[in-house]
Amino acid sequence: MPAAIDFFFDFASPYGYLGSLRIDAVAARHGRDVVWRPFMLGAAFKETGMRPLLEQPLRGAYSRHDWLRTARRLGVPFRLPEGFPMAALAPSRAFYFIAERDAELAKAFAARVFHAYFGEGRDMSRPEAVAAEAMHLGLPAAEVLEAMKDARWKQHLKDATAAALARGVFGSPFFVVDDEPFWGNDKIPEIENWLESGGW
């Protein structure tokens with residue numbers, strides 16, 4: 001079996017949300033699986049000296065426009081949540097707790113969180129909101145709430161973030177295909193070309 005594509009993202013990333021809507025379908029067309037790997041983008045900012053897009057002159061205004069334009073092209077809802085960007089600790093910890101049980105269920109959970117945050121503009125930084133999304137998938141809310149406070153899952157997320165940085169990940173979304181890095185939602189067509197051709 002060909003190696004899975006690694007998909008690194010932060011739940012507070014609009015481009016991560018947009019990328020999450022397409023990468024699995026692209027991979028499936030070429031017989032690939034996708035491993036979803038949330039990490040904390042703030043740690044990457046410290047490494048690179050970058051700032052969140054909305055804090056950057058010119059790029060912030062452009063990004064607001066581009067998120068909406070891209071969502072219209074894809075035919076998906078997009079609402080920038082109040083208080084954006086959130087600290088995505090709660091959903092990221094919950095994701096890894098769920099993924100230990102069932103990787104596909106964790107993907108479904110991540111998709112729900114992304115939709116709630118960027119599709120509906122709801123605050124997903126609160127553990128209670130995160131647990132509610134997990135409950136819709138049949139997971140006990142109390143267990144998910146406890147996991148988000150558990151030192152094991154706090155450390156797991158720290159380790160996952162450190163591992164992402166060690167692999168050269170610095171943005172969201174960030175894809176690794178056969179050890180080849182691709183940064184950005186706009187790289188998905190190039191990823192498909194890479195898979196079609198076997199690389200160049």
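Computed from a predicted structure; not experimentally measured.
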Between [X] and [Y], is there a side-chain N and carboxylate O pair less than 4.0 Å apart?
X	Y	answer
E82	R122	no
E192	K187	no
D178	R32	yes
E120	R112	no
R167	D6	yes

Identify whether [X] and [Y] are in the same connected component of the hydrophobic contact network (ILVMFWY, side-chain heavy atoms under 4.5 Å).
X	Y	value
V26	V76	yes
F39	L53	no
F95	L105	yes
F170	F7	no
M135	L145	no

List the atom of [X], the atom of [Y], and the distance in Å for their closest heavy-atom pair.
X	Y	result
W200	S197	CE3-OG, 3.4 Å
A90	V130	CB-CG2, 4.0 Å
A129	D123	CB-O, 3.5 Å
A27	V34	CB-CG2, 3.4 Å
A141	A131	O-CB, 3.9 Å
S13	P173	OG-N, 4.4 Å

Taking the six-membered ring for Trp, are F114 and F11 ring centroids under 6.0 Å apart?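 For F114 and F11, the ring centres are under 6.0 Å apart.
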
Please find out if less than 6.0 Å separates the ring center of W153 from that of Y96.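 Judged by ring-centre distance (under 6.0 Å), W153 and Y96 do not meet the cut-off.
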
From [atom1] ([X]) to [atom2] ([Y]), nearest 0.5 Å:
X	Y	atom1	atom2	result
S92	H156	OG	NE2	11.0 Å
I98	K107	CD1	NZ	14.0 Å
L21	H115	CG	NE2	10.0 Å
L68	R73	CG	CZ	13.5 Å
E180	E190	CD	CD	9.0 Å
D102	L137	CG	CG	10.0 Å

Please evaluate residues E146 and V144 with respect to the criterion side chain to side chain contact (heavy atoms under 4.5 Å, CB included), reporting the C-alpha separation (whole Å), side-chain torsions for both, the decisive distance (0.1 Å), and the verdict. CA-CA 5 Å; E146 193 60 34; V144 177; over 6 Å; no

Close side-chain approach of [X] to [Y], heavy-atom, < 4.5 Å:
X	Y	answer
V176	F8	yes
L195	I5	yes
L80	L54	yes
F175	I23	yes
T161	L41	no
E133	M124	yes

Using 30° and 60° as the class limits, which term best fits the ring planes of [X] and [Y]: parallel, tilted or perpendicular?
X	Y	result
Y117	F84	tilted
F182	W194	perpendicular
W67	F78	tilted

Does [Y] offer a backbone N or O that forms a donor-acceptor pair with the side chain of [X] under 3.5 Å?
X	Y	answer
Q56	R51	yes
S172	D10	yes
K154	A147	no
R93	M148	yes
R22	N185	yes

F9 and its ring-ring contact (aromatic ring centres under 6.0 Å, His included) partner, picked from Y15, F118, W36: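 It is W36, the one option of Y15, F118, W36 that forms the ring-ring contact (aromatic ring centres under 6.0 Å, His included) with F9.
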
More than 12 non-hydrogen atoms from neighbouring residues, nucleotides or ligands closer than 6.0 Å to CH2 on W183, yes or no?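 Result for CH2/W183: open.
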
Evaluate the side chain to side chain contact (heavy atoms under 4.5 Å, CB included) criterion for residues R126 and M86: first the C-alpha distance (whole Å), next the side-chain angles of each, then the deciding distance (0.1 Å), finally the verdict. CA-CA 10 Å; R126 296 183 303 107; M86 70 171 173; over 6 Å; no

